[in-house]
Amino acid sequence: MKLWMVILQQQGANMWPYVGIDNEMAKIVWWNTIFWNDGKPQIFTDQQMKKLCDIVDRGYEALESITTDMNENPREVVKANPNITEASDPNLIDWTHYKGNNGLSGYTGAPGPTRGENAWKFPVGLPWESEPVVEGNRVYLSSPGMRTSMRCVDLNTGDIIWETKQAAEIMGDQIYNTPGNMATPVVLKDYVLYRETGSRGNKGPTKEVVYVNKKTGKIDREVLAGHVDYRVGLPTVAANEDFLVFTIVCRI
């Protein structure tokens, strides 16, 4: 039930019908047996088990309703509107990253959209702190999902070009042991970089800057950079073809 909930949440579903049910379960079930009971299974009383069975039944009903709503009202990519036209200028200035230029002034002199209509939109999941990065006709999006950490979509249509996949270790330490990505992508000549976030501090596995192949979307290599807790919202990393720069979290 928890995994189903996570899948729907990562798709941007309205989870409000399930929130109260999840809160009921949290009052009975330990959120992590490794933290609370040294990895030993939690033992429930007959009264707790009876209540949990009722919670699970209602939880599945709520998730089924949410899934039905998702199927009937899909929150998928909205394709480009062929009727949208923008001002054309042979001397357009590239707006490749947040605030547009190296001085981060927020102004380039290039003409912006003239119609104010959505060409397309793409569901990115929660939490969402990073900025999309545009290069040519590609948009690079960080993904906070457990199994998908980055996406590359077509600038003109919103269609997916590739996705960066990872294997989620569900059983070992629940969802807290899986590296997440909330970093703004750093685009180089051959790679797109992001910095992992996660839990468990330096005892956990989420401590790398990840190099994603721009052609395939596959992870080519990782560089140890130190742990960044997922609650920071936006982990930082900067790079060019010669240097990689990142902050280090120190504890005294």
Q. Which heavy atom in P179 sits nearest to a heavy atom in Q166, and how many Å separate them?
A. O-NE2, 2.8 Å
Q: Give the cluster check for V192 versus L234: same hydrophobic cluster or not, with ILVMFWY residues linked at side-chain heavy-atom distances below 4.5 Å.
A: no
Q.
Using 0.5 Å steps for rounding, measure from the CE atom of M70 to the OG1 atom of T68.
A. 11.0 Å
Q.
I need the N137 CG to C152 SG distance, nearest 0.5 Å.
A. 8.0 Å
Q: Using the side-chain contact (heavy atoms from CB on, under 4.5 Å) rule, pick out the option among V209, V212, V237 that qualifies with Y194.
A: V212
Q. Is there a side-chain contact (heavy atoms from CB on, under 4.5 Å) between L141 and V153 once you walk through the steps?
A. CA-CA 8 Å; L141 306 168; V153 303; 4.2 Å; yes
Q: Check the side chains of Y230 and S199 for a donor-acceptor pair under 3.5 angstrom, ignoring hydrogens and angles.
A: no
Q: Using the side-chain contact (heavy atoms from CB on, under 4.5 Å) rule, take L63 and M15 through it: C-alpha gap first, then chi angles, then the decisive distance, then the call.
A: CA-CA 8 Å; L63 294 176; M15 300 304 298; 3.9 Å; yes
Q. Atom CD1 of I160 and atom CZ of F122: how far apart are they, to the nearest 0.5 Å?
A. 4.0 Å
Q.
Closer than 3.5 angstrom, by distance alone: can the side chain of E163 be matched with the main-chain N or O of G217 as a donor-acceptor pair?
A. no
Q. Considering residues, nucleotides and ligands other than N23, do more than 12 of their heavy atoms fall under 6.0 Å from its CG?
A. yes
Q: For Q48 and T45, indicate whether the former's side chain and the latter's backbone hold a donor-acceptor pair under 3.5 Å.
A: yes
Q) What's the shortest heavy-atom distance between L193 and A239, and which atoms? A) CD2-CB, 3.8 Å
(Q) Distance check, rounded to the nearest 0.5 Å: L188 atom CG versus E135 atom CD? (A) 9.0 Å
**Q.** Any donor-acceptor pair under 3.5 Å from T184 side chain to E131 backbone
**A.** yes
(Q) I'd like to know if M25 and L8 are part of one continuous hydrophobic network [Ile/Leu/Val/Met/Phe/Trp/Tyr, side-chain heavy atoms within less than 4.5 Å]. (A) yes
Q. Nearest 0.5 Å, what's the CD-CD1 distance between Q9 and I66?
A. 10.5 Å
Q | M1 reachable from M5 in the ILVMFWY side-chain graph, under 4.5 Å edges | A | yes
Q) Of all heavy-atom pairs between Y211 and L244, which one has the smallest distance, and what is that distance? A) OH-CD2, 3.8 Å
Q | Donor-acceptor contact below 3.5 Å, side chain W162 vs main chain K214 | A | yes
Q: Tell me whether V186 is reachable from V245 by hopping between hydrophobic residues (I, L, V, M, F, W, Y) whose side-chain heavy atoms are closer than 4.5 Å.
A: no
Q) So which heavy atom on I28 is nearest to which on Q42, and how close? A) O-NE2, 2.9 Å
Q. For Q47, does the CD atom have more than 12 heavy-atom neighbours from other residues, nucleotides or ligands under 6.0 Å away?
A. no
**Q.** Ring-face cation contact, Y18 with R58, 6.0 Å cut, 45° max
**A.** no
(Q) Looking only at side-chain N and O atoms, does T148 offer a donor or acceptor that is under 3.5 Å from a partner on K165? (A) yes
Q: Please name the pair of heavy atoms, one in M150 and one in N181, separated by the smallest distance, quoted to 0.1 Å.
A: CE-ND2, 4.1 Å
Q: Kindly compute the distance separating CD (E24) from CD1 (I55), expressed to the nearest 0.5 Å.
A: 5.0 Å
Q.
Between the side chains of K215 and D190, is the shortest nitrogen-to-carboxylate-oxygen separation below 4.0 Å, so that they form an ion pair?
A. no
**Q.** Residue pair T164, K218: steps toward the side-chain contact (heavy atoms from CB on, under 4.5 Å) verdict
**A.** CA-CA 6 Å; T164 301; K218 297 184 181 298; over 6 Å; no
Q) Is it the case that one hydrophobic cluster holds both M49 and Y60, taking links as side-chain heavy atoms less than 4.5 Å apart, direct or via other members? A) yes
Q | Step-by-step side-chain contact (heavy atoms from CB on, under 4.5 Å) determination, F44 to K50 | A | CA-CA 10 Å; F44 300 102; K50 182 178 180 180; over 6 Å; no
Q: Flag the pair E208 and R195 as a salt bridge only when some basic side-chain nitrogen lies within less than 4.0 angstrom of an acidic carboxylate oxygen.
A: no
Q: Answer whether the closest heavy-atom distance between the side chains of E64 and W4 falls below 4.5 Å.
A: yes
(Q) To check you understand the geometry: which heavy-atom pair defines the closest contact between S142 and S130, and what is its length? (A) CB-OG, 3.6 Å
